[in-house]
Amino acid sequence: MFKNLFNRKSEEEQREKNELSENSKLNFFDKLKVGLGKTRKGMTDKIDNILKSYIKIDDELFDDLEEILVTADVGINTTMNIIDRLKDRVKKEKVTDPDKIKELLKSEIKNIMAESNLDNNLNIRSSPVVVLVVGVNGAGKTTTIGKLSYNLRREGKKVIIAAGDTFRAAAIEQLEEWSNRAKTEFISHSEGADPAAVIFDGIHAAKSRKADVLICDTAGRLHSKKNLMNELNKIFRVVEREYPEAEKEVLLVLDATTGQNAISQARVFKEVCDITGVALTKLDGTAKGGVVIAIQSELGLPVKLIGVGESIDDLQKFDTDDFVEAIFD
Ligand SMILES: Nc1nc2c(ncn2[C@@H]2O[C@H](COP(=O)(O)OP(=O)(O)OP(=O)(O)O)[C@@H](O)[C@H]2O)c(=O)[nH]1
Ligand SMILES: [Mg+2]
């Protein structure tokens with residue numbers, strides 16, 4: 001009898017757990033959909049309207065689709081690739097109804113993204129890990145660090161943040177505020193200090209306090225490639241020398257509202273250091289969400305995180321299928 005009672009109880013618990021995770025999955029997807037609202041309007045609503053206006057599939061229809069994708073910042077090369085493949089599928093599968101195009105387009109976008117064979121998970125499965133956050137002014141580095149720390153701490157990880165952007169006092173204070181909100185430890189020096197020295201202290205704090213993840217902010221000003229390279233290389237050398245046992249994640253933060261400009265920035269940063277992933281911010285504020293597709297297929301960089309708002313819980317892990325489904329939903 002006791003056993004039955006136990007079984008029933010654990011079944012109930014399991015059911016509750018399943019419902020809870022179903023709910024959080026729903027919330028996650030709803031939030032993603034809301035966050036991608038502008039891109040959805042700019043892309044899917046337009047595609048729906050176009051498809052409605054055609055009674056057969058012809059070159060003009062493909063031209064219209066091409067224009068919509070380019071406008072959503074999918075990128076010229078990727079767009080042409082998608083359209084070519086779409087044409088092939090239409091031919092091969094003898095599709096004549098314009099209504100069928102949307103599903104084919106969705107599946108070709110998923111295919112293209114899957115073919116780049118990128119791992120969209122952060123390298124944070126083991127411990128310790130150093131996450132170096134780079135990117136141009138205003139891209140959303142500090143905000144992303146705050147949100148990421150919050151997420152990691154909620155997953156049970158011990159996080160330390162190092163304020164490697166010493167260029168302005170306000171930058172250090174802003175990061176400290178995020179650190180307080182995320183309830184993580186914080187290492188900083190004063191304004192104008194050597195960023196590499198801050199990272200050095202961060203590493204030693206992470207070691208002695210047995211932190212799982214050390215997240216480092218950087219100034220990453222792009223006024224000249226040489227300066228950027230010097231600053232980042234100095235930081236990388238310190239990490240290599242002082243913390244060889246740590247996994248590394250070099251996260252490039254890009255502002256989605258800048259569209260193709262974000263792609264050019266990524267090219268420069270790729271030349272200067274080994275980027276292992278991209279955090280794409282401000283997707284909620286733009287119709288240029290197609291840039292995700294270009295980042296993965298043209299630059300070969302995995303998008304690992306996306307920012308869909310300004311609050312602490314507005315950073316999501318990126319998943320290709322969820323992303324495509326949310327845009328086309
Ligand atoms: N809507 C929206 N705003 C965001 C998002 N991420 C960042 N922001 C805003 O973008 C602005 C710049 O963000 P920061 O985190 O200060 O950017 P930064 O790269 O650290 O900038 P610097 O320290 O000046 O180099 C802030 O006003 C943020 O609130 C996002 O996902 N959505
Ligand atoms: Mg900052």
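Both ligands and their constituent atoms are indexed starting at 1 by order of listing.
Residue A219 has no N or O atom closer than 3.5 Å to an N or O atom of ligand 1. For a threshold of 3.5 Å applied to N or O pairs, the pair formed by R168 and ligand 1 contains at least one separation below that value. Residue L283 has no N or O atom closer than 3.5 Å to an N or O atom of ligand 1. At a 3.5 angstrom cut-off on N or O pairs, G140 counts as close to ligand 1. The shortest N or O to N or O distance between K141 and ligand 1 is below 3.5 Å. Ligand 1 has a nitrogen or oxygen under 3.5 angstrom from a nitrogen or oxygen of D284.
At a 4.0 Å heavy-atom cut-off, ligand 1 touches V136 through the backbone alone. Residue contacts with ligand 1 for K147 involve side-chain atoms from C-beta outward but no N, CA, C or O (heavy atoms, distance under 4.0 Å).
In the model, S297 has no side-chain atom that pairs as donor or acceptor with a side-chain atom of S116 under 3.5 Å. No hydrogens or angles considered: nothing links the side chains of D255 and T258 as a donor-acceptor pair under 3.5 Å. There is no side-chain donor-acceptor pair under 3.5 Å between D165 and T142. If you check the side chains of R89 and S107, you find a donor sitting under 3.5 Å from an acceptor. Between the side chains of T184 and S179, at least one donor N or O sits under 3.5 Å from an acceptor N or O.
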Checklist entry - Can you check salt bridge (charged side-chain N to carboxylate O under 4.0 Å, His left out) on D212 and K158, steps first, answer last? => result CA-CA 5 Å; D212 298 301; K158 185 170 171 134; over 6 Å; no
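Look at A139 and you'll find a heavy atom under 4.0 Å from some atom of ligand 1. Residue contacts with ligand 1: D165 is included, with a non-hydrogen atom under 4.0 Å away. Within the 4.0 Å heavy-atom cutoff, G138 counts among the residues contacting ligand 1.
When only non-hydrogen protein atoms are considered, atom 14 (P) of ligand 1 lies nearest to T143 OG1, 3.4 Å. Nearest protein heavy-atom neighbour of atom 5 (C) of ligand 1: K282 CG, 3.5 Å. Nearest protein heavy-atom contact of atom 3 (N) of ligand 1 is E310 CG, 3.2 Å.
Here K288 pairs with D73 in a salt bridge; the nearest charged N to carboxylate O distance falls below 4.0 Å. Salt-bridge formation is not detected for the pair R237/E240: no Lys NZ or Arg NE/NH1/NH2 atom is positioned less than 4.0 Å from an Asp or Glu carboxylate oxygen. Look at K317 and E155 and you find a salt bridge, because one of the NZ, NE, NH1 or NH2 atoms lies within 4.0 Å of a carboxylate O, short of that distance.
When each of I160, V239, V131 is tested with L214 by the rule side chain to side chain contact (heavy atoms under 4.5 Å, CB included), just one qualifies, namely I160. When each of I109, I57, N81, L65 is paired with L86, the side chain to side chain contact (heavy atoms under 4.5 Å, CB included) condition holds for L65 and for no other. Among the candidates V134, V198, V253, L228, the single residue satisfying the side chain to side chain contact (heavy atoms under 4.5 Å, CB included) test with T218 is V134.
For E67, the CD atom counts as loosely surrounded, since its 6.0 Å shell holds 12 or fewer non-hydrogen atoms of other residues, nucleotides or ligands.
Among protein atoms, those of element N, O or S found less than 2.8 Å away from the Mg ion (ligand 2) are T142 OG1.
Against a heavy-atom cut-off of under 4.0 Å, V308 is close to the following atoms of ligand 1: 31 (O).
The line from CG of D319 to CG of D322 is 4.0 Å long, rounded to the nearest 0.5 Å.
Closest heavy-atom approach to atom 6 (N) of ligand 1 among the candidates T218, L280, T281: T281.
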